[in-house]
Peer 1: 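Here it is, the structure in full.
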Amino acid sequence: MPHTLTGFSYIAGQWHQGSDTRFYGFSPAQNEPLNQAYYDITLDLVDAACSAAQQAFVAYRQTSMQARSEFLHAIADEIDALGEQLLDTTHQETNLPMARLQGEKGRTMNQLRAFADALAHDLAPLNLHCEDAADPARQPLPKPHTQLKHLPVGPVAVFGASNFPYAFSTLGGDTAAALAAGCPVVMKSHRAHPGTSELMTQAIDKAIMRCNMPAGVFSMLQGVNYDIAHRLVAAQQIKAVGFTGSMGVAKALMTTIQSREEVIPFYGELGSINPQVVLPNALQSKPQLAQQLCASMLMGNGQFCTSPGLWLIPHDGADEFLHQVQQSISAAPSDTLLTPGILRSFVQAIDSLTQCTATNLVAKGEKSRDFHANAHVFSCDAQQFLDTPLLHEEVFGPSALIVRYRDMTQLLSIINALEGQLTASIHGFNEQSDIDQSVFEVLSYKVGRLIKEQMPTGVEVCQSMNHGGPFPSSTDVRSTSVGIEAMRRFMRPLCVQS
Ligand code: NAP
C-alpha cells in the first residue's frame with residue numbers, strides 16, 4: 001500500500017502540521033511546483049523536538065550496542081520496504097536518474113548496516129579501548145589506574161543536503177553515525193526533497209516501534225523559514241550539528257552557535273573544487289584522461305561535492321587533451337539542477353567566468369531547455385589563476401576550469417595557493433620522481449583524500465575513508481562524514497581514574 005504524504009513534521013512519534021504556512025516541493029523536470037503541500041513547523045514545536053530528544057537521550061544512551069545494531073538494521077529494512085514509491089517521489093523532486101537513485105539508496109542502507117555491524121562487534125574496528133595499569137609503588141607518587149571511555153555527546157541536529165537526498169539527508173551518514181554513537185537526532189529536512197524526507201521518516205518511525213526505542217530518538221522538521229534552523233542550533237539540548245551545504249548558510253548557523261552560552265561543535269561540509277593535477281607524462285600515457293575528467297565532472301550534472309572543478313595541465317603538449325575536452329563537452333546534453341536557487345547561482349557563476357578577462361571558453365554544451373544547466377569548461381594561465389580570486393571559487397553545476405602551468409615550479413605555486421579541498425587526484429604519477437613526490441607532499445596538506453590515477457567522484461563507504469578536509473572544504477579538518485569513523489564526531493572522551 002502506498003504511503004500517504006501529510007506534509008507534516010514528525011516529533012517524538014507524532015506527526016504535527018505546525019503552522020498554516022505552506023510550501024511546496026519542486027519538480028526540476030517540469031520547472032514548476034509539485035502539488036503536495038508541506039507546512040512550516042512552529043518554533044514551539046522545534047523546542048518540543050529538542051526536549052524530547054534530551055529525554056530520549058537518557059534511555060537511548062543506555063541501550064546495548066546489540067540493541068542499537070538491531071535498530072539500524074531495522075531502519076535499513078524499512079527503507080527497503082518503501083520500494084518504488086520512495087524512488088518515484090525522489091525522482092520527481094530531484095530529477096536525478098532512477099539508476100543513480102537506486103545506487104544511492106543501496107549505499108545508504110549499506111551505510112546503516114556498516115554502523116550496525118561495527119556495533120555488533122562492540123565497536124572493535126574503532127579501537128576505542130585504552131587503559132593504563134596502576135602502579136602503587138611508583139616513586140615519588142603512585143600511578144593511578146586510568147581507563148579511557150567514549151560517551152555519546154547528546155542530541156544532535158542534522159541538516160539534510162540537497163544533492164544526496166538519501167546518502168547525506170534524512171537517514172544519511174550523519175544521522176546513522178549519531179544514532180550509532182547513542183545520540184538522538186533532530187533532523188531539518190531540505191526543501192529540495194520534503195516528500196523523500198517524509199517517507200524516510202515513516203521508515204524510521206516503524207523501526208522505532210519495532211525495536212521499542214524511545215520516541216524522541218528521532219524527529220524530523222519541515223519548513224522553509226530560516227528561523228527554524230537557527231532555533232534548532234540554538235537549543236540548549238543540542239550538543240553537535242552536522243551540515244552539508246553552502247559556506248553562506250554554514251556561516252549564518254555558526255554565528256548563531258557562537259552566540260549560545262554553551263558553544264558546540266559544528267561539522268559543516270562545504271565547497272570544494274577538487275583539483276586534478278595532470279603531470280606531463282599523463283598527456284601521453286593516459287589517452288582517455290580528458291574524456292574521463294569530463295565524465296566525472298558531468299556526474300549528477302556537476303552537483304557532486306567531489307566534482308573535479310579545477311584541472312591543472314601542462315602548457316605544452318596539451319593540444320590533443322584540449323581537443324578531446326571540446327568534443328566531450330560540446331556533445332554533453334544539458335540537464336536540470338536540483339533547485340531554482342542552485343540554477344540561479346550556476347547561471348551567475350557562468351556569467352562571471354564568461355565576463356572575466358582572465359578566462360577563455362574552451363567548450364560548452366548545448367542548452368536544450370531554458371531552465372537547464374549546460375556544461376562549460378574555461379581555461380586560464382597559471383599567473384592569471386594566482387591573481388584572480390574568482391577563479392578559486394566552486395561552481396556548483398557542470399563547469400570546470402583548466403589552468404595551464406609552464407613548469408613544475410609554477411605547478412607547486414598553484415598548489416600552494418589553493419584553499420583546503422575535500423579531495424584531489426594526481427594523474428601520471430611516477431613514484432621514482434622526486435618532483436612528483438614533492439607535488440604529492442604539498443597537495444597532501446591541502447586535501448582530506450588524495451587520489452592517484454583515479455577520478456574523485458564516488459566516495460567508498462569503508463573504515464579507511466576520509467570525507468572532509470581543511471577549511472573551507474569542511475569546518476573540522478579532523479573529522480570525516482563518511483565511513484564508520486564518522487561516529488567519533490558524535491562521541492566524547494571520558495577518563496575514569498581509580
Ligand atoms: P545551502 O545554500 O547551504 O542552503 C541550505 C538550506 O538552507 C536551504 O534550504 C536554504 O533555503 C537555507 N538557508 C538559506 N539561507 C539561510 C540562513 N541564513 N539561515 C538558515 N538557513 C538558510 O545549500 P543548497 O541550497 O542545497 O545548495 C546551494 C549551494 O550549497 C550550492 O551551490 C553549493 O555551493 C553548496 N553545496 C555544497 C555541497 C557539498 O557537498 N559540499 C552540497 C550541497 C550544496 P533557501 O533554499 O530558501 O535559500
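Both counts, for ligands and for their atoms, begin at 1 and track the order of listing. Treat the numbers as computed from the prediction; the structure is a model and nothing was measured. Positions are given from 1, in the same order as the sequence printed here.
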Peer 1: Does NZ or CZ of R488 lie under 6.0 Å from the centre of the six-membered ring of Y267, at an angle within 45° of the ring axis?
Peer 2: no
Peer 1: How far is atom 34 (O) of ligand 1 from its nearest protein heavy atom, and which residue and atom name does that atom have?
Peer 2: E394 OE1, 3.2 Å
Peer 1: Could an N or O of ligand 1 be found under 3.5 Å from any N or O of L270, whether backbone or side chain?
Peer 2: yes
Peer 1: Yes or no on side chain to side chain contact (heavy atoms under 4.5 Å, CB included) for E262 and Q236, after CA distance, side-chain angles and deciding distance?
Peer 2: CA-CA 7 Å; E262 179 196 5; Q236 48 98 7; 5.6 Å; no
Peer 1: Do S27 and E93 meet the criterion of a side-chain donor-acceptor pair at a distance under 3.5 Å?
Peer 2: no
Peer 1: Can you list the atoms of ligand 1 that are under 4.0 Å from a heavy atom of I342?
Peer 2: 27 (O), 28 (C)
Peer 1: I need the nearest protein heavy-atom contact for atom 4 (O) of ligand 1: residue, atom name and distance, please.
Peer 2: V249 CG2, 3.6 Å
Peer 1: For the pair F243 and F159, name the ring-plane relationship: parallel under 30°, tilted 30 to 60°, perpendicular over 60°.
Peer 2: perpendicular
Peer 1: Considering only heavy atoms from C-beta outward, does the side chain of T306 approach that of R449 to under 4.5 Å?
Peer 2: yes
Peer 1: Nearest protein heavy atom to atom 47 (O) of ligand 1, by residue and atom, and its distance?
Peer 2: R191 NH1, 2.7 Å
Peer 1: Between Q303 and ligand 1, which residue portion shows a heavy-atom distance shorter than 4.0 Å: side chain, backbone, both, or neither?
Peer 2: neither
Peer 1: Start with the C-alpha gap between L96 and L338, add the side-chain angles, then the distance that decides, and say whether side chain to side chain contact (heavy atoms under 4.5 Å, CB included) holds.
Peer 2: CA-CA 8 Å; L96 293 173; L338 288 158; 4.3 Å; yes
Peer 1: So, is T244 polar-close to ligand 1, with some N/O to N/O distance under 3.5 Å?
Peer 2: no
Peer 1: Which of these, F396, Y226, F346, has its nearest heavy atom closest to atom 48 (O) of ligand 1?
Peer 2: Y226
Peer 1: Tell me which one of A252, P340, G245 gets a heavy atom nearest to atom 44 (C) of ligand 1.
Peer 2: G245
Peer 1: For atom 19 (N) of ligand 1, which protein heavy atom lies nearest, and how many Å away is it?
Peer 2: H230 NE2, 2.7 Å
Peer 1: So, the side chain of T480 versus the backbone of A486: is there a donor-acceptor pair under 3.5 Å, distance only?
Peer 2: no
Peer 1: Could you tell me whether the side chain of T339 and the main chain of I342 form a donor-acceptor pair under 3.5 Å?
Peer 2: yes
Peer 1: As an exercise, identify every atom of ligand 1 less than 4.0 angstrom from a heavy atom of N163.
Peer 2: 40 (O), 42 (C), 43 (C)
Peer 1: Go through ligand 1 atom by atom and flag the ones less than 4.0 Å from a non-hydrogen atom of C305.
Peer 2: 39 (C), 40 (O), 41 (N)
Peer 1: Quick one: look at S246 and ligand 1, take heavy-atom pairs under 4.0 Å, and tell me if it's side chain, backbone, both or neither.
Peer 2: both
Peer 1: Among all protein heavy atoms in this structure, tell me which lies nearest to atom 6 (C) of ligand 1, with the distance rounded to 0.1 Å.
Peer 2: H190 NE2, 4.0 Å
Peer 1: For V224, state whether at least one heavy atom is located under 4.0 Å from any atom of ligand 1.
Peer 2: no
Peer 1: Between R231 and D47, is the closest basic N to carboxylate O distance under 4.0 Å?
Peer 2: yes
Peer 1: Can you classify the ring geometry of F346 versus H376 as parallel (below 30°), tilted (30 to 60°) or perpendicular (above 60°)?
Peer 2: perpendicular
Peer 1: Checking the N or O distance criterion of under 3.5 Å, is ligand 1 in contact with S345?
Peer 2: no
Peer 1: R107 and F168: which non-hydrogen atoms are nearest, and at how many Å?
Peer 2: NH2-CE1, 3.8 Å
Peer 1: Looking at D40 and R22, is any side-chain nitrogen of the basic one under 4.0 Å from a carboxylate oxygen of the acidic one?
Peer 2: no
Peer 1: Compute the minimum heavy-atom distance from M247 to ligand 1 and say whether it is under 4.0 Å.
Peer 2: no
Peer 1: Do me a favour and list the nearest non-hydrogen protein atom to atom 26 (O) of ligand 1 with residue, atom name and distance?
Peer 2: S162 OG, 2.6 Å
Peer 1: Relative to ligand 1, is F243 under 4.0 angstrom through side chain, backbone, both or neither, heavy atoms considered?
Peer 2: side chain
